Amino acid sequence: GNGISTGISPPVPVTVVPALSAIAAGYAHTCAADLIGAVSYWGKNYYGQLGDGTYAYRLDPGAVPAASPAQALGSAYSSTCAVLADGTARCWGDGGEGQLGHGGPVDSLVPKRVSGPEGFQDVSPGWMFSCGLTLTGEVRCWGKGELGELGDGGSERQAVPVAVALPAPAVALSSAWNHSCVRLDTGAVYCWGWNYQGQLGNGAHWINDVPVEVLALPPAREVSAGARHTCAVDVGGQAYCWGENTYGQVGDGTTQNQDLPAPVVGIDDADPGRDGMAPRVTQQRPVADRQWQLLGQLESGEAGAERP
């Protein structure tokens with residue numbers, strides 16, 4: 001996003017992007033919303049995930065008026081979603097599995113409204129599926145469902161949102177490669193989807209197509225799903241993670257997968273920073289291979305290789 005396409009190690013300012021209210025990084029593209037909700041995108045665009053009506057890559061930010069004014073953003077491998085100020089959700093890019101929620105498995109080069117009622121407050125795309133959180137605490141998902149990603153008790157693809165049954169209203173949502181998690185207003189965390197690495201945190205290793213409670217986790221104030229692991233912060237600031245730990249992503253000092261929450265060593269005073277001033281940041285890295293290519297997503301336009 002800085003106008004060039006060579007790799008940069010230290011952070012660089014994004015070109016011509018003002019103070020932000022939200023930012024979301026996908027596999028090789030990034031989107032951001034400023035304080036009045038105007039949306040800009042940059043990076044790769046091979047499925048139209050930049051929403052500008054073209055397949056052209058961008059090395060610096062380009063405006064997407066049809067996604068503005070946005071109050072929440074979400075990016076995945078090849079699709080992007082936003083919640084507008086009127087509570088409607090819009091998605092664009094790769095729609096081959098119905099993950100855009102428009103009613104069919106078709107791509108879109110521009111933002112289109114997700115089918116269903118208004119009232120979304122957040123949206124979180126995963127790998128070929130998406131989920132949204134409503135103002136009343138309901139969760140709805142759409143797209144690929146063969147690994148239980150939709151949480152509706154089935155495995156069929158759904159091109160329009162379907163309801164996820166939860167025991168209490170959700171207040172936070174995070175979707176990743178093939179699983180999603182929510183924090184309920186009780187502080188409990190529930191997850192569903194792919195679970196072969198223990199990323200659902202219920203002590204098991206099989207797919208769950210309906211939400212299951214994360215066990216042995218104190219009441220949480222934050223939850224974030226990764227590609228094959230999940231992390232949460234409890235009300236006291238202690239961070240916990242579970243799931244795949246091949247590269248130490250659980251942070252417990254080992255490289256053994258954990259199917260129950262493990263305290264992260266050395267992080268017992270985590271502060272999410274949600275004070276109304278800090279931008280909302282999301283990131284998706286839904287790739288099986290550790291080596292992945294960045295093109296323009298720094299918004300400085302630089303591209304390079306990084307290991308998740």
Side-chain angles (χ1 to χ4, degrees), residues 11 21-25 72 74 121-122 124 126 131 133 137 139 151 164 166-206 208 210-286 290 307-308:
S21 63
I23 187 168
Q121 62 170 304
D122 199 6
S124 186
C131 292
L133 173 64
V139 173
V164 178
L166 294 166
V171 294
L173 164 70
S174 181
S175 298
W177 191 7
N178 291 122
H179 78 290
S180 297
C181 295
V182 293
R183 178 173 64 91
L184 306 184
D185 62 3
T186 62
V189 172
Y190 278 71
C191 301
W192 62 93
W194 182 265
N195 194 31
Y196 283 9
Q197 289 77 31
Q199 56 265 55
L200 302 189
N202 66 337
H205 296 93
W206 53 80
N208 283 93
V210 295
V212 293
E213 185 173 8
V214 176
L215 303 178
L217 179 69
R221 69 183 188 192
E222 287 291 321
V223 62
S224 181
R228 295 189 184 96
H229 74 293
T230 309
C231 293
V233 178
D234 71 14
V235 294
Q238 174 65 55
Y240 294 83
C241 295
W242 56 94
E244 185 181 31
N245 199 23
T246 306
Y247 309 112
Q249 53 266 62
V250 170
D252 64 346
T254 77
T255 54
Q256 299 297 313
N257 291 358
Q258 301 292 339
D259 54 20
L260 292 171
V264 177
V265 177
I267 301 182
D268 57 7
D269 59 352
D271 182 0
R274 302 285 178 86
D275 59 1
M277 298 293 290
R280 178 180 181 274
V281 179
T282 64
Q283 186 172 28
Q284 292 286 335
R285 293 183 177 181
R290 294 184 65 212
R307 292 187 179 273

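Nothing here was measured: the structure is a model prediction, and the numbers come from that model. Throughout, residue positions are numbered sequentially from 1 according to the sequence presented.
- Residues Ser174 and Ala225 come closest through the heavy atom pair OG-N, 2.8 Å.
- With values rounded to the nearest 0.5 angstrom, Asn202 atom CG is found 12.5 Å from Leu217 atom CG.
- What you find for Asp122 and Ala72 is that their closest heavy atoms are OD1-CB, 3.7 Å.
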_Could you walk me through whether Cys131 and Val164 satisfy the side chain to side chain contact (heavy atoms under 4.5 Å, CB included) test, starting with their C-alpha distance in whole Å, then the side-chain angles of each, then the deciding distance to 0.1 Å, before giving a yes or no?_
CA-CA 9 Å; Cys131 292; Val164 178; 5.7 Å; no
*Does the pair Trp192 and Val139 meet the rule for a side chain to side chain contact (heavy atoms under 4.5 Å, CB included), with working shown?*
CA-CA 12 Å; Trp192 62 93; Val139 173; 4.1 Å; yes
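- To the nearest 0.5 Å, atoms CH2 (Trp242) and CG (Asn195) are separated by 11.5 Å.
- Note that CD of Gln249 is 11.0 Å distant from OG1 of Thr230, once rounded to the nearest 0.5 Å.
- Looking at Pro211 and Val182, their side chains never come closer than 4.5 Å, going by heavy atoms from C-beta outward.
- Between atom OH of residue Tyr196 and atom NE2 of residue His205 there is a gap of 11.5 Å, rounded to the nearest 0.5 Å.
- The minimum heavy-atom distance linking Leu184 with Pro167 is given by the pair CD1-CG, 3.7 Å.
- Formation of a donor-acceptor pair under 3.5 Å by the Ser124 side chain with backbone atoms of Ser175 is found in this model.
- Listed here is the closest heavy atom pair of Cys181 and Val189: CB-CG1, 4.4 Å.
- When the side chain to side chain contact (heavy atoms under 4.5 Å, CB included) test is applied to Ala172, the partners found at least two apart in sequence or on another chain are Arg183.
- Here the options are Thr255, Asn257, Thr254, the test is side chain to side chain donor-acceptor pair (under 3.5 Å), and the partner is Asn245; only Thr254 passes.
- Across every non-hydrogen atom of Gly243 and Val250, the tightest pair is O-CG2, 3.8 Å.
- How far OG of Ser180 is from CD of Gln199: 11.0 Å, rounded to the nearest 0.5 Å.
- Take Pro263 and apply the side chain to side chain contact (heavy atoms under 4.5 Å, CB included) test, not counting sequence neighbours, and it matches Gln238, Tyr240.
- Rounding to the nearest 0.5 angstrom, the gap separating the CD1 atom in Ile267 from the SG atom in Cys231 is 8.5 Å.
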